[in-house]
Structure formats: structure tokens, C-alpha cells
Number of protein chains: 2
Amino acid sequence: MDDLSPLRSDTPGATSLADRIAEAIATGEYPPGTRLDEIELAERHGVSRTPVREALIQLGAAGLLTLRPRRGAVVTEVSARQLMEMFEVMAELEAMCARLAARRASAADQQALRAAHLGCVGAMQAGDPDAYYLRNETFHHTLYRIAHHGFLEQQALALSRRLRAYRRLQLRVRTRLSSSFAEHQALVDAVCGGDESAAAQCCREHVSVQGERFADLLASMAAERRA
Amino acid sequence: MDDLSPLRSDTPGATSLADRIAEAIATGEYPPGTRLDEIELAERHGVSRTPVREALIQLGAAGLLTLRPRRGAVVTEVSARQLMEMFEVMAELEAMCARLAARRASAADQQALRAAHLGCVGAMQAGDPDAYYLRNETFHHTLYRIAHHGFLEQQALALSRRLRAYRRLQLRVRTRLSSSFAEHQALVDAVCGGDESAAAQCCREHVSVQGERFADLLASMAAERRA
DNA sequence: TTTGCCTTTCTTGTATACATGACGAGCCTG
DNA sequence: CAGGCTCGTCATGTATACAAGAAAGGCAAA
């Protein structure tokens, strides 16, 4: 579990209130459009409204919540179009990571990427979607890290967090897993082979495909929710 | 003046407290490393500590401030390396904007970009650095807008805000103005000519050059400050 | 019955009081 | 005299009280 925002808590064990709420959003406990009541959150977490408000503001700044003055906080609803756009930017950031990784990754870095990829494969073969979700996240985070570009890593992680709830929905689409594998494999090969443009292109396609699938899924879910 | 974060205030005239503090950071009133005292800010703005804290948290999430628990908020200090990295990501985002703009910009959009460019030229010829700073900002914001990609525009604006204080320092480097002009001109031509890759490449170079110059400047300023 | 206004209630926004941890000054000791 | 420890002071973190706007429900009039 990665913590929210650069201002990381001093005590590694204790996750911040904002993190816990973000986690609840990511897991779908608070679906998009859910209105978050400050008092309820305060009681649930055993604190007063003040820290709750501060957490909500943080999440609002991160884009996970939409705060309307005097009207409370709701989990940000993103349209299919917006989601596509977010995935497009994510693709570009990851492509930049891939390009840099192909150029800069050390042998150990390459090994880490391969290991993360194998983790995905294992989870896929075990047919464990939850494990795959986590392994896949690790794989992408590994890519960000081995680009050796601190700020880019931060930005990629931030956007990745914001898309987390939607990425989780990917688990429902069974066919995505195997095709995702092939795409990861190509990326690993390109990065380890030092082929910058191939790595970048791989990434763009991989994430873009995800974006399209998610947009479809979201649209169908929205229809489902209305029914 | 653009407002901070997607949660924009309801009353257009009234700038939020966070915006005012951000402005003070951008203008250099609070240089990097400055410690912001909650009580002092509260008194200065005629409010209590609560809204001040909320503003600080917002700015912390945006990256302008670094909040350490129990140790207060300081204006984020970025190293020359970090600054370079931020400009590199900015370049990539702008390149994406340029690529999209070259593909999607309408005649009116192209006209708007040309107009913004002429504004820069006018300010440059008038020898008014402050005006140039504003016109230049408008030019870039216009580019973001005519890419017709809402989320990308948001991201670009956010990073642009974060770099604002450093962009302002550009004014000191006299020679930047004229070379900046040529770069802008090339970008305008590429976008209006619909040449995606040329537009993107232009942007990357333009912003990267800025990044390098700023890194130099920052290093010299840091040395100056220590003396 | 429906529509518009008013009132009521509830939530958010702000202020203030209190608790707690950090930093520094001063003292004691080696 | 130097170094470390302790205590005091102050800023931050949290809780609570109060103010004010928004939404919902009821009442009256058409």
C-alpha cells in the first residue's frame, strides 16, 4: 500500500485517514457519486470532524473527491469520455517511463521488472484475480521506479492511484488477463532490449487498450446502475 | 488568474485563501524554504486557523508546500535536478497538447494561438517583462485549451501552476525572451500547419531549454542565497 | 390536486478551546 | 569548558461550539 501525497506520515505502520478513505474508494466500497458524510466518517473512524475534513480536502485535491462548497463531498464521477482521457494521459506518462527505463535500467532493474512480470503470470495461472490485480500494480510501479525519474514516478503513481478503482474493474473482464500478459511480455522485452521507441509504443498501446475496455465497462455499468 | 484545483469557488470574484497563498508563492513573496506560520497567516487574512490549515493542506497536496507532521508547512524546495525533472514532464505534457492541437485545432483555435503569440511579441517589443510573463502564460494555456483534451488540460495547468514561481524567474534572463519568440513561432506554424510530430518536437525542445536555463538559474540563486 | 413559498432541520464552514509533541534555553555534570 | 539532559514555551493537531446556507417537507392558495 502506497501512501497518498508527498507528505508521508512519520509512522510507517499507521495509514492516514485519507489513505483509508482512498482505499475504500478504490475497493468500490464508496462507488462514484457516493456522498460522504463528515459526521458519519468521523464516527466510523473514531475521530472528530476536523481531521475528516482535512482528509476530504486532500482527496479532493487529488481528484478522487469532488467538493462543492456547502454541499459536501462526493466520490468523483468520471464520464466514459473523461476516463478515456485519463487513460490516454496515463499511457503517455507510462510511455515516458518505458522510454527512460529502456535507456537507464540497470541489470538489477531489468531483473526486477522480469520478476514482477512473472508474478503476474503466476497470479494469472492460479486464476486469482485479486492477486493479479496486486501483481499488475506492482509491475507498473516497478516500471515507474526503474525509469529513475523521481518526479515522473510521483506523477505516474498519483494518476495510477486515481485510476485505481477503475483498474480494479478490469478483473471482471476475463479475456483481458491473457492479452495483458502478451502486452507485458512485449514491454519487458523492449525495455530489457534497450529499445526505447518500442518500449514507449508498447506502453501506449497497452494502456490505451485498457482505457477503451474500461470505458466500455463503465458505460455498461452506468446503464446497469440506472436500472 | 486561474483558480486552484478542480473544486472551483462559486463566487468568481472572490479568490480563495489557497489561491492567495499560491499567488504569494508564485510572486516570490514566500521563497522556497519559507516556513508558513498558521497563526500569522490567519491574522493576515482575517480568518481563524481552521481555514488556513485547510488551504495549506490543499497547497500541500498540490505540491507547492511540504507539510511535515507537527513541524509545520514550508514552501517546497526543489533541487536543480528535481526542477529539471519537472520541466521534462511538463515538456512531455505540452508535447502531447501540441500533437493533439495540431490534429484538432479549429480555425478559431488557430487564430487564438496566433493572437496569444502576437501578445507575447507585443510585450517583448514593449520591453515589459511582467506583461511578457502573463502573455506567455496565456500562450501556453491557449495551447492546452485547443488540444481539446479536458483532463490533459487540467494536468498541464496543474503542473504549470507548480512551476509558476520558477517560470517567473525567467524574466531575469534577458536573452531568453527573443529565443523564446522564435520557438513559439515554430510551434504556432507547426500547429497551424497540422504537423503533429513537428509541433510535439517543438514543445519538447522549448520547454526543455527552459528547464535547463532554470536549473542553472536556480543553482546560481541557491549559491547567492547562501552568501 | 398541484404549485409555490415558507419554515424547519440538517450539514457544512468557521471560530475557539484544549491536548500534545517539537524545539530551544538553561542547568547540571563530567 | 563541553556535552547532555530537563523543563518551559510555542506551534501544531484535535475536539467542540456556534453560525450560516442548502435541501426537504409542510402549508396555503390557486
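Throughout, a chain's letter reflects where its sequence line sits, starting with A, and its residues are numbered from 1.
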(message) Check this one for me: any side-chain N or O of A/R35 less than 4.0 Å away from OP1 or OP2 of C/dT12?
(response) yes
(message) Between C1' on D/dA22 and CG on A/L67, what's the gap in Å once rounded to a whole number?
(response) 16 Å
(request) Quickly work out the B/R70 CZ to D/dC10 P distance and round it to whole Å. (result) 16 Å
(request) Might you confirm whether atom CZ of B/R81 has over 12 heavy atoms from other residues, nucleotides or ligands at distances under 6.0 Å? (result) no
(request) Quickly work out the B/L56 CG to D/dA11 P distance and round it to whole Å. (result) 15 Å
(message) Can you tell me which nucleotide in C/dG13, D/dT12, C/dT11 comes closest to the side chain of B/R53?
(response) D/dT12
(message) Without decimals, in angstroms, what is the distance between A/D37 CG and D/dA23 P?
(response) 15 Å
(request) Take the protein atom CD of B/E38 and the nucleotide atom C1' of C/dT14, then report the distance between them rounded to whole Å. (result) 15 Å
(request) Could you state the atom-to-atom distance from CZ of B/R49 to P of C/dT16 in whole Å? (result) 12 Å
(message) When you measure from the side-chain N and O atoms of A/S48 to the phosphate of D/dA15, is any distance below 4.0 Å, counting only OP1 and OP2?
(response) yes
(request) Flag yes if more than 12 heavy atoms outside B/R167 fall under 6.0 Å of its CZ atom; otherwise flag no. (result) yes
(message) Regarding A/R71, tell me which of base, sugar-phosphate or nothing describes its non-hydrogen contacts under 4.0 Å with the strands shown.
(response) sugar-phosphate
(message) Output the rounded distance in Å from CG (A/L17) to C1' (D/dG13).
(response) 13 Å
(request) Output the distance between atom CZ (A/R204) and atom CE (A/M90), rounded to the nearest 0.5 Å. (result) 13.0 Å
(request) Give one of base, sugar-phosphate or nothing for B/L36, where a contact means two heavy atoms less than 4.0 Å apart. (result) sugar-phosphate
(request) Taking only the side-chain heavy atoms of B/P51 (C-beta and beyond), determine which of C/dT11, C/dA15, D/dA17 contains the nearest atom. (result) C/dA15
(message) Taking the minimum atom-to-atom distance to the side chain of A/T50, which one of D/dA15, D/dT12, C/dT14 wins?
(response) D/dA15
(request) Answer whether the closest heavy-atom distance between the side chains of A/I21 and A/L59 falls below 4.5 Å. (result) yes
(message) Quick check for you: among D/dA15, D/dA17, D/dA11, whose closest atom lies nearest to any side-chain atom of A/V47?
(response) D/dA15
(request) Rounded to the nearest angstrom, tell me the gap between atom CD1 in A/I39 and atom C1' in C/dC10. (result) 8 Å
(message) Regarding A/E92 and B/R99, does a basic nitrogen lie under 4.0 Å from an acidic carboxylate oxygen?
(response) yes
